[in-house]
Student: 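Okay, handing you the structure first.
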2 protein chains.
Amino acid sequence: MSQESHSPLTALGQAARAAAHVLAVTTTAQKNRALAAIADALEANSSAILAANAKDIEAARASGMGDAMLDRLLLNEARLAGIIGDVRKVIVLDDPVGSELESRVLENGLRLSRRRVPIGVIGVIYEARPNVTIDIASLCLKTGNASILRGGRETFHSNLALVQVIQQALELSGLPAASVQYIDNPDRALVTELLRLDRYVDMIIPRGGAGLHKMCKEQSTIPVIIGGFGISHTFVDASADLARALDVIENAKVQRPSACNALDTLLVHQAIAAEFLPALVARMNQCHVTLVADGNAQALLKGAKQLREAGPEDFDTEWLSLTLGVKLVKDVDEALAHMREHNAGHSDAILTNDLAHAERFINGAGSAAVYVNASTRFTDGGQFGLGAEVAVSTQMLHARGPMGLVELTSYKWVGQADYLSRP
Amino acid sequence: MSQESHSPLTALGQAARAAAHVLAVTTTAQKNRALAAIADALEANSSAILAANAKDIEAARASGMGDAMLDRLLLNEARLAGIIGDVRKVIVLDDPVGSELESRVLENGLRLSRRRVPIGVIGVIYEARPNVTIDIASLCLKTGNASILRGGRETFHSNLALVQVIQQALELSGLPAASVQYIDNPDRALVTELLRLDRYVDMIIPRGGAGLHKMCKEQSTIPVIIGGFGISHTFVDASADLARALDVIENAKVQRPSACNALDTLLVHQAIAAEFLPALVARMNQCHVTLVADGNAQALLKGAKQLREAGPEDFDTEWLSLTLGVKLVKDVDEALAHMREHNAGHSDAILTNDLAHAERFINGAGSAAVYVNASTRFTDGGQFGLGAEVAVSTQMLHARGPMGLVELTSYKWVGQADYLSRP
């Protein structure tokens with residue numbers, strides 16, 4: 001009937017849909033037993049998994065992959081033990097499925113509630129790290145969702161070994177093996193097929209670079225969770241505690257520069273620039289941070305070990321490294337205007353002691369996470385106490401910011417009794 | 001930079017985005033004053049609006065439009081007064097923007113809350129009825145969203161007149177006229193442009209037939225709210241109160257057959273078929289309902305005035321008329337299996353006195369709204385007490401079932417104090 005029925009992924013989609021129907025009525029205890037079986041099976045099969053990973057590493061090295069990428073790809077006993085530990089942590093998290101979001105009796109006599117349900121089938125497209133395979137599979141399983149995984153070519157053998165172990169453990173636990181499936185055909189056209197398998201797949205989560213997200217947005221007929229991008233800003237207001245501001249900035253910039261919540265652009269109120277920027281220079285020099293400053297700021301950044309003038313693209317650049325943009329602004333509104341112009345959307349902060357400015361910033365910033373006197377590094381499922389992080393959404397619909405188990409669920413309306421609708 | 005910047009809709013998108021930034025920080029009182037100004041202006045300009053509508057009616061009649069469609073298109077004083085009354089009703093609804101969904105202090109010292117915010121810019125593509133223009137514009141405005149509207153060709157003059165009045169009222173109220181914009185170029189290619197204007201538009205709501213929804217799903221790079229479709233089922237279990245079952249079925253089928261929540265397929269437990277189906281025949285005859293039955297049911301439906309045997313497509317047909325599919329099943333699981341095979345997803349009900357069956361049905365049905373001993377006709381924003389209905393979503397993400405004001409919002413995370421993330 002529909003075009004998807006001719007896709008090579010049809011059988012996989014049908015099996016996933018059937019598995020999702022089973023998972024939707026599986027108890028939390030049974031899902032937890034399956035997770036425990038998966039953790040045990042990963043332990044029991046660790047040498048086979050590491051051998052498969054060694055094949056991937058060998059092929060990657062032969063293809064000339066750099067050391068940083070090789071390290072992302074590598075599994076060893078300690079890392080595998082960490083991954084297995086993460087599966088066991090998912091067991092102790094609360095299962096959101098079945099809980100009621102609200103419940104009331106309407107004037108028309110209907111008892112109406114909204115009950116959390118699994119989303120259904122989740123397609124995940126990801127890149128190098130093999131831990132994502134286990135991570136996503138266990139979070140989807142905990143929330144009663146079937147998953148269809150498609151990892152990068154570099155992790156092919158690792159992923160196949162991991163999914164095989166998962167599927168065996170699922171069967172042993174009495175759940176459908178198709179609850180977790182892997183697209184093992186390396187043809188890239190199958191990614192496009194997956195993005196159009198809307199008859200069987202309810203949500204796509206891309207985990208990777210901007211190019212992957214863009215492709216998913218443009219080609220998918222299935223709702224996509226877009227995330228992870230956006231220039232992170234911190235605005236140092238005139239009333240900020242400047243000593244603490246330095247600590248926040250160092251934390252936001254230096255703690256993990258490659259993270260998507262690391263600080264990219266520092267906006268400084270012009271009234272305190274002459275006092276604050278020399279102190280910033282000293283701290284950033286200690287941390288080996290390169291400053292990229294607009295003309296006005298540059299004049300006050302004398303003594304910076306690494307300093308250059310900002311060009312037209314610099315305030316639109318997510319650095320992912322020890323580089324920091326610096327710009328002077330005249331007030332909170334100019335800071336907000338700059339953020340709107342320069343792709344804010346992920347995590348932004350104001351450092352201030354002025355309550356009205358704090359509120360203006362909170363309301364005016366369009367970001368998924370907005371902070372007052374706090375580091376942008378807080379934007380993280382672990383920091384937020386979600387117990388897990390599936391993705392960090394920077395879109396407006398369904399979920400924003402760190403997505404945990406709850407964000408892998410939808411809801412249904414449940415109405416009971418009194419029989420008749422009275423129009 | 002991106003492809004959208006060459007679209008003829010770029011200027012419109014930019015203006016909408018700028019208006020959305022203003023609306024996001026506009027107080028509820030100011031938004032309500034603008035809504036009151038719109039209602040007043042619609043009253044003051046009613047003769048111009050009716051004159052514009054008369055042009056549309058004349059053109060539609062000349063093109064040979066049928067009476068039912070002409071009636072959907074028609075505005076008169078009473079209908080316009082009704083529309084104006086609806087705008088005033090939106091004023092008294094609670095504004096969800098700014099309310100906090102949750103707030104807690106994390107172990108790491110951060111006070112974290114989730115605060116409701118407008119979605120941003122909402123694109124709405126709709127068909128004949130001119131009341132949708134006012135309806136959507138006022139609900140978007142109340143929730144601080146800018147809207148870009150694209151109505152059908154048949155309502156061109158009516159819509160232009162309405163939007164002009166809205167924009168004048170917005171300006172008088174000190175809000176940007178671009179808060180509500182209309183695509184007044186009749187070129188159909190602009191619908192496709194709108195669906196790819198992802199740089200400026202955050203959500204697309206199609207209001208129309210299955211073809212419109214399919215086109216939006218396939219072509220949009222912006223999240224789309226898919227809704228309104230799905231076969232509605234009611235399963236009469238062996239333990240149902242049969243007298244009340246007849247009332248529920250009549251209500252669900254006859255009250256408004258053209259509605260998307262009207263009953264399509266009746267599934268009857270085989271153990272009560274011999275007793276129940278003759279009573280059903282009597283009731284459906286009274287209501288002039290045509291029965292389309294599977295072979296087993298047909299034998300028990302003797303005396304039905306309109307009766308035919310179901311063909312292969314009949315249980316996949318949304319009747320939107322006084323027709324009812326009837327099929328026997330052996331238990332709740334067979335009923336659920338039939339529903340999964342036949343595009344359930346909107347509203348489905350079980351009539352039963354068995355608590356375990358009720359729970360099994362609630363959990364097993366994948367529909368946006370599931371009822372126990374109630375009519376599927378309850379699925380409606382008004383019945384659910386939402387105060388308004390923007391659409392009825394049948395997808396899994398963002399919102400399911402009737403969407404009111406809350407479903408026109410997203411949220412942002414707001415984190416305050418303690419300065420440093422401790423990893």
Side-chain angles (χ1 to χ4, degrees), chain A residues 21 24-25 104 106-108 110 112 115 119-120 198 202-203 217-218 221 223 244 247-248 251-252 255-256 340 358 360 362-375 377-380 383-385 395-398 400-402 410-421 423, chain B residues 21 24-25 104 106-108 110 112 115 119-120 198 202-203 217-218 221 223 244 247-248 251-252 255-256 340 358 360 362-375 377-380 383-385 395-398 400-402 410-421 423:
Chain A
H21 289 312
V25 292
R104 62 211 150 91
L106 303 178
E107 275 187 59
N108 57 25
L110 191 73
L112 185 68
R115 200 179 280 196
I119 286 173
D198 51 62
D202 300 290
M203 176 163 95
K217 188 166 77 168
E218 290 185 354
T221 59
R244 302 194 78 171
D247 292 340
V248 175
N251 177 275
Q255 191 186 50
R256 196 170 149 220
R340 279 199 289 273
R360 192 161 184 90
I362 290 172
N363 290 329
S367 325
V370 183
Y371 298 97
V372 176
N373 294 332
S375 164
R377 288 277 298 140
F378 274 111
T379 308
D380 172 84
Q383 294 279 348
F384 278 16
Q395 64 186 22
M396 298 303 292
L397 262 63
H398 183 66
R400 289 189 91 195
S410 181
Y411 59 83
K412 67 171 67 156
W413 296 90
V414 178
Q416 301 197 54
D418 206 44
Y419 285 91
L420 299 186
S421 156
Chain B
H21 289 313
V25 292
R104 61 212 150 93
L106 303 178
E107 275 187 59
N108 57 25
L110 191 74
L112 185 68
R115 200 180 278 196
I119 287 173
D198 51 63
D202 300 290
M203 176 162 94
K217 188 167 76 168
E218 289 185 355
T221 59
R244 303 195 78 172
D247 292 340
V248 174
N251 176 277
Q255 192 186 49
R256 197 171 149 222
R340 279 199 290 273
R360 190 160 185 92
I362 291 173
N363 290 328
S367 326
V370 183
Y371 298 97
V372 176
N373 293 333
S375 163
R377 287 280 296 140
F378 273 112
T379 308
D380 172 84
Q383 294 279 350
F384 278 17
Q395 64 186 23
M396 297 304 291
L397 263 61
H398 184 66
R400 290 189 90 195
S410 181
Y411 59 83
K412 66 170 66 155
W413 295 89
V414 178
Q416 301 197 55
D418 206 45
Y419 285 91
L420 300 185
S421 156

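All values below were derived from every heavy atom in this structure, side-chain atoms included, with hydrogens, water molecules and symmetry-related copies excluded. The chains referred to below are lettered A, B, ... by the order of the sequence lines, with proteins before strands, and numbering in each begins at 1.
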Student: Heavy-atom cut-off 4.5 Å, strictly under: side chain, backbone, both or neither for B:R256 against chain A?
Tutor: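 Neither part.
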Student: Sort out for me which of A:D380, A:L112, A:D202 touches chain B most, counting heavy-atom pairs under 4.5 Å.
Tutor: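 Counting heavy-atom pairs under 4.5 Å, the top option is A:L112.
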Student: With only heavy atoms counted, which part of A:V370 is less than 4.5 Å from chain B, the side chain, the backbone, both or neither?
Tutor: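 Both the backbone and the side chain of A:V370 come within 4.5 Å of chain B.
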Student: Crowded around B:R360 CZ? As in, over 12 foreign heavy atoms under 6.0 Å?
Tutor: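 Atom CZ in B:R360 is not crowded, with 12 or fewer foreign heavy atoms closer than 6.0 Å.
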Student: Checking B:D198 against A:E218 for the side chain to side chain contact (heavy atoms under 4.5 Å, CB included) test, could you report, in this order, the C-alpha distance in whole Å, the side-chain angles of both residues, the deciding distance, and whether it holds?
Tutor: CA-CA 10 Å; B:D198 51 63; A:E218 290 185 354; 5.6 Å; no
Student: Among A:A368, A:G385, A:P223, which residue has the highest count of heavy-atom pairs closer than 4.5 Å to chain B?
Tutor: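 Option with the greatest count: A:A368.
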Student: Would you check if the side chain of A:N108 reaches a backbone N or O of B:Q383 as a donor-acceptor pair within less than 3.5 Å?
Tutor: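 Yes; judged by distance alone, with no hydrogens or angles, the pair exists.
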Student: Counting only heavy atoms closer than 4.5 Å, note whether A:A369 contacts chain B via side chain, backbone, both or neither.
Tutor: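 Contact with chain B involves both backbone and side-chain atoms of A:A369.
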Student: Taking all atoms of both residues into account, what is the closest heavy-atom pair of A:R400 and B:W413, and its distance?
Tutor: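 Heavy atoms of A:R400 and B:W413 come nearest at O-NE1, 2.7 Å.
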Student: Looking only at heavy atoms, which two atoms of B:N363 and A:R115 are closest? And how far apart?
Tutor: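 Nearest heavy atoms, B:N363 then A:R115: OD1-NH1, 3.6 Å.
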Student: For A:L106, which atoms come within 4.5 Å of any heavy atom of chain B: side chain, backbone, both, or neither?
Tutor: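 When you check distances to chain B, only side chain atoms of A:L106 fall under 4.5 Å.
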Student: Any sub-3.5 Å donor-acceptor pair from A:K412's side-chain atoms to B:A365's backbone N or O?
Tutor: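 Looks like yes, one N/O pair under 3.5 Å.
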Student: If I compare all heavy atoms of B:A374 with all of A:L110, which pair ends up nearest, and what's the gap?
Tutor: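 Heavy-atom minimum between the residues: CB-CD1, 3.8 Å.
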Student: So what's closer than 4.5 Å to chain B heavy atoms on A:L397: side chain, backbone, both or neither?
Tutor: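 Both backbone and side chain.
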Student: Can you say whether A:T379 sits under 4.5 Å from chain B via the side chain, the backbone, both, or neither, judging by heavy atoms?
Tutor: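 Looking at A:T379, nothing touches chain B.
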Student: Based on non-hydrogen pairs under 4.5 Å, which of A:R104, A:M203, A:R340 is most in contact with chain B?
Tutor: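 Among A:R104, A:M203, A:R340, the one with the most close pairs to chain B is A:R340.
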